[in-house]
Enquirer: 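After the structure tokens below, expect a handful of questions from me.
Residue numbers begin at 1 in each chain, while the letters A, B, ... track the order of the sequences. Values below: all heavy atoms of this structure, side chains included; hydrogens, waters and symmetry mates excluded.
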There are 2 protein chains.
Amino acid sequence: MSELKIKAKKASECARELATKTTTEKNEALEAIAQQLLQEEEYLLTENEKDIQIARNNGTNEGIIDRLTLTSTRLKDMAEGIRQVISLTDPVGERLASIERPNGLQIQKVRVPLGVIGMIYEARPNVTIDASSLCLKAGNAVLLRGSSSAIHSNTALVNVVQRALEKTTIPVEAIQLIEDTSRATATEMFTLNEYLDVLIPRGGASLIQSVVKNASVPVLETGVGNCHLYIDHNADTNMAISVAVNAKTQRPSVCNAVETILINSNWATDHFDSLLQALSDKNVAFVGDEKTRSFDSRIEAAQEVDWADEFLDLKVALKVVDSLDEAIEHIHQYGTKHSEAIISEDAENVENFLNKVDAAAVYHNASTRFTDGFEFGFGAEIGISTQKLHARGPMGLEALTSTKYIVHGTGQVKG
Amino acid sequence: MSELKIKAKKASECARELATKTTTEKNEALEAIAQQLLQEEEYLLTENEKDIQIARNNGTNEGIIDRLTLTSTRLKDMAEGIRQVISLTDPVGERLASIERPNGLQIQKVRVPLGVIGMIYEARPNVTIDASSLCLKAGNAVLLRGSSSAIHSNTALVNVVQRALEKTTIPVEAIQLIEDTSRATATEMFTLNEYLDVLIPRGGASLIQSVVKNASVPVLETGVGNCHLYIDHNADTNMAISVAVNAKTQRPSVCNAVETILINSNWATDHFDSLLQALSDKNVAFVGDEKTRSFDSRIEAAQEVDWADEFLDLKVALKVVDSLDEAIEHIHQYGTKHSEAIISEDAENVENFLNKVDAAAVYHNASTRFTDGFEFGFGAEIGISTQKLHARGPMGLEALTSTKYIVHGTGQVKG
């Protein structure tokens with residue numbers, strides 16, 4: 001048996017035990033993990049340093065090294081994150097419906113854990129702790145498969161987690177790391193339907209697409225966002241510019257940042273220059289269609305791929321449209337159904353946009369950057385679902401649960 | 001472009017239009033379909049007769065021919081089924097949550113249609129109408145891919161449906177049949193993520209497993225049920241026997257029928273003979289473990305495969321167990337997480353069984369045969385989900401919807 005299968009089998013056994021644990025038991029385990037993380041700072045930073053050294057030797061860029069790096073402050077933030085999860089309501093056991101049938105059957109629909117969750121993720125070691133604490137709170141066992149570039153950090157983190165769990169009533173194998181980071185292990189996870197209830201990939205578009213295409217285990221697809229901002233004919237000028245700048249530049253590397261701005265031709269006539277200047281002041285580079293280029297020669301001609309790609313950078317695609325319908329059609333053609341916004345004072349257009357654009361989150365007069373579990377008030381998030389089944393948009397603890405019908409009878413048989 | 005891709009693209013366009021249709025428009029279309037089915041009885045029965053003739057020529061067994069056969073009464077039942085769907089509450093537009101954030105953002109979570117649903121199903125032509133009416137009511141377009149053995153019936157039914165839709169505001173391509181019933185078409189559907197939002201397979205275990213294993217489009221897995229009845233040490237004798245007979249024999253060919261009965265050794269000592277006699281009176285054949293065979297020599301030795309298979313027939317596997325835990329372990333090892341029942345007067349055992357057995361529906365003192373959308377009061381069902389994501393157990397209209405966050409702001413940007 002491979003490392004993966006041995007650990008998956010253990011996780012599956014643990015999941016049955018976890019499903020019967022009380023909220024108090026789970027919270028005590030989470031608190032033990034938070035404390036252990038702080039106690040073992042020296043060990044964690046030493047192991048993390050090994051990953052950083054390897055990354056430097058490989059000429060990894062500073063942005064990625066920064067994401068990989070653990071510090072005393074970041075460990076405190078992780079512990080704080082765990083304590084926030086402790087403060088969240090336990091979804092398990094929640095009664096979602098209570099039905100009494102004419103034949104006397106009493107049917108209850110209750111929330112139960114999903115079972116075993118496989119996380120496949122890249123680079124950042126904080127995902128190891130974030131995902132583990134959310135999975136545990138919702139009563140699930142988790143199999144973590146991080147990237148080779150963070151293997152020392154992830155191994156150390158899971159060692160610390162397991163040393164904490166040893167002091168609690170939660171089984172140690174509730175949280176396990178797959179130490180073999182070869183591609184073959186990930187591929188093996190894709191089809192491990194016998195033990196895994198769901199796979200959650202977190203990382204770049206190619207990782208996520210590979211999981212979606214190849215997994216027979218059900219997948220919660222997260223994260224790819226080619227988001228649009230549509231500035232309508234009578235949009236408030238300052239609001240439109242302020243939201244455009246925020247949605248593009250506040251943090252360009254994330255999935256809810258805007259990649260294309262669609263501008264109504266009437267609005268563009270008077271305000272295009274101001275919009276461009278405001279974005280230019282933030283060092284944004286431009287590609288655009290013919291009309292936008294007639295407004296400003298700094299705009300390079302957009303290629304087909306520019307409408308479809310996530311730049312994840314200080315770069316934006318601009319297009320002038322003649323109507324709301326043209327904007328909606330463009331979004332339908334190129335969007336990834338993540339987050340889409342309209343800035344408008346035209347109530348009918350707003351209504352049409354919000355109803356007709358098919359996305360996890362649609363915004364009126366606000367930045368797309370708010371699509372986030374914390375900003376929505378969920379207290380935490382395991383990712384942002386861009387699929388339509390099970391969960392859509394920011395996923396909190398509830399997305400890590402399933403349901404079960406519990407039926408009480410007095411000997412009823414079907415006639 | 002293949003027939004499938006052309007129709008899938010049309011379905012995708014229709015889905016956007018359907019999402020904005022009112023409940024009245026959808027109900028009027030459903031009523032038009034019901035009337036058209038009754039008006040075109042002669043055409044439908046003539047076309048159905050072609051499938052029946054081919055089936056007879058192929059030596060198909062009478063059970064399958066019966067399921068394939070349309071009659072005047074069955075058409076009236078179909079029309080009646082559609083009218084029941086009309087009477088159901090439209091789930092689209094339902095507000096599931098309303099959140100006001102400290103920054104003033106107003107977030108609403110609302111139900112929206114899933115989009116385009118691909119149904120892959122076997123034999124029974126009534127699925128063509130059942131699935132179409134449920135998908136339409138929930139605002140979805142549907143692509144139907146039935147089996148070649150029902151191709152004349154399915155083609156005629158969809159022709160009738162489309163002639164009805166022509167008289168309404170609902171686009172005709174909201175309901176389309178894939179006429180090419182080759183295996184290649186089904187395989188092409190598996191990976192048509194560009195146009196399909198979900199696949200729902202309905203049929204035998206091999207069809208369902210083929211879809212689950214090979215589809216990259218998200219799947220709603222339905223139907224395979226290796227269900228158990230556990231008779232506890234102090235179970236009411238008459239109740240245990242009556243539920244066992246009902247769960248096994250009332251309709252043995254369906255997924256919520258019981259395949260294995262686990263009998264506590266204490267109960268078995270006094271009542272095994274009565275149980276066996278009652279089942280034997282209904283012509284049930286037996287396989288069992290050593291202990292059951294020591295009770296009655298009519299029981300054949302169970303092979304490993306007998307614990308795992310759905311017999312879907314008047315045949316049951318019997319096993320004597322010494323404890324509740326042994327019963328739960330057996331169910332964990334062989335069950336398909338569909339429906340599981342305990343007959344017991346021991347409150348602690350009941351509680352443990354209902355909590356620890358992981359299944360879509362768990363029963364205390366009632367027959368597993370109640371796992372069904374009609375019996376649960378949903379008014380209709382598209383299938384019984386045996387997966388944990390999105391929907392579990394009987395799936396009504398809500399399972400055919402997704403959600404969307406609609407966010408209203410006043411120019412909020414992320415700080």
Enquirer: Return the CG to OH distance between B:Leu105 and A:Tyr363, rounded to the nearest 0.5 Å.
Expert: 7.5 Å

Enquirer: Can a donor-acceptor pair be found, under 3.5 Å and without considering hydrogens, that links the side chain of B:Lys404 to the backbone of A:Asn355?
Expert: yes

Enquirer: Taking atom CD as the centre, does A:Glu351 end up with more than 12 heavy-atom neighbours from other residues, nucleotides or ligands that are less than 6.0 angstrom away?
Expert: no

Enquirer: Give, as side chain, backbone, both or neither, the part of A:Ala215 having an atom under 4.5 angstrom from any heavy atom of chain B.
Expert: backbone

Enquirer: Can you tell me how far apart CG (B:Asn214) and CG (A:Asn214) are? Round to the nearest 0.5 Å.
Expert: 11.5 Å

Enquirer: Check step by step if side-chain contact (heavy atoms from CB on, under 4.5 Å) holds for A:Leu389 and B:Leu389.
Expert: CA-CA 8 Å; A:Leu389 284 192; B:Leu389 284 192; over 6 Å; no

Enquirer: Do you know which two heavy atoms are closest between A:Ser402 and B:Lys388, and how far apart they sit?
Expert: OG-O, 2.9 Å

Enquirer: B:Ala399 versus chain A, heavy atoms under 4.5 Å apart: side chain, backbone, both or neither?
Expert: neither

Enquirer: Heavy-atom pairs under 4.5 Å with chain A are the metric here; pick the option from B:Leu114, B:Thr20, B:Thr368 that has the most.
Expert: B:Leu114

Enquirer: Measure the CD-NE2 distance between A:Gln387 and B:His390 for me, rounded to the nearest 0.5 Å.
Expert: 10.0 Å

Enquirer: Using a cut-off of under 4.5 Å for heavy-atom pairs, which of B:Glu17, B:Glu221, B:Glu329 has the most such pairs with chain A?
Expert: B:Glu329

Enquirer: Tell me whether B:Lys414 at atom NZ has more than 12 heavy atoms from other residues, nucleotides or ligands lying less than 6.0 Å away.
Expert: yes

Enquirer: Quick check on A:Phe353 against chain B: is it the side chain, the backbone, both or neither that has a heavy atom closer than 4.5 Å?
Expert: neither

Enquirer: Please give me the minimum heavy-atom distance between B:Gln412 and A:Val243, naming the atom from each residue.
Expert: O-CG2, 4.2 Å

Enquirer: Is A:Val212 close to chain B through its backbone or its side chain, or both, or neither, when contacts mean heavy atoms under 4.5 Å?
Expert: both

Enquirer: With respect to chain A, which residue among B:Ala19, B:Ala359, B:Gly93 yields the maximal number of heavy-atom pairs within a distance under 4.5 Å?
Expert: B:Ala359

Enquirer: Among B:Pro394, B:Gly377, B:Ser339, who wins on heavy-atom pairs under 4.5 Å with chain A?
Expert: B:Gly377

Enquirer: Pick whichever of B:Lys213, B:His332, B:Arg369 has the most heavy-atom pairs under 4.5 Å with chain A.
Expert: B:His332

Enquirer: Between B:Phe190 and chain A, which part of the residue has a heavy atom less than 4.5 Å away: side chain, backbone, both or neither?
Expert: neither

Enquirer: Rounded at 0.5 Å granularity, tell me how far CZ in B:Phe370 sits from CG in A:Asn103.
Expert: 5.0 Å

Enquirer: Under a 4.5 Å heavy-atom cutoff, which of B:Asp197, B:Asn238, B:Val110 has the most pairs with chain A?
Expert: B:Asp197

Enquirer: How long is the straight-line distance from CG of A:Asn193 back to CD of B:Gln209, given to the nearest 0.5 Å?
Expert: 7.5 Å

Enquirer: Can you say whether B:Arg392 sits under 4.5 Å from chain A via the side chain, the backbone, both, or neither, judging by heavy atoms?
Expert: both

Enquirer: Are any of the side-chain heavy atoms of B:His408 and A:Leu354 separated by less than 4.5 Å?
Expert: yes

Enquirer: Does B:Arg16 reach the side chain of A:Ile328, with side-chain heavy atoms less than 4.5 Å apart?
Expert: yes

Enquirer: Between B:Val211 and chain A, which part of the residue has a heavy atom less than 4.5 Å away: side chain, backbone, both or neither?
Expert: neither

Enquirer: Starting at CZ of B:Phe376, measure out to CD1 of A:Ile107 and round the result to the nearest 0.5 Å.
Expert: 4.5 Å

Enquirer: Could you check if a side-chain atom of B:Val362 sits within less than 4.5 angstrom of a side-chain atom of A:Ile406, using non-hydrogen atoms only?
Expert: yes

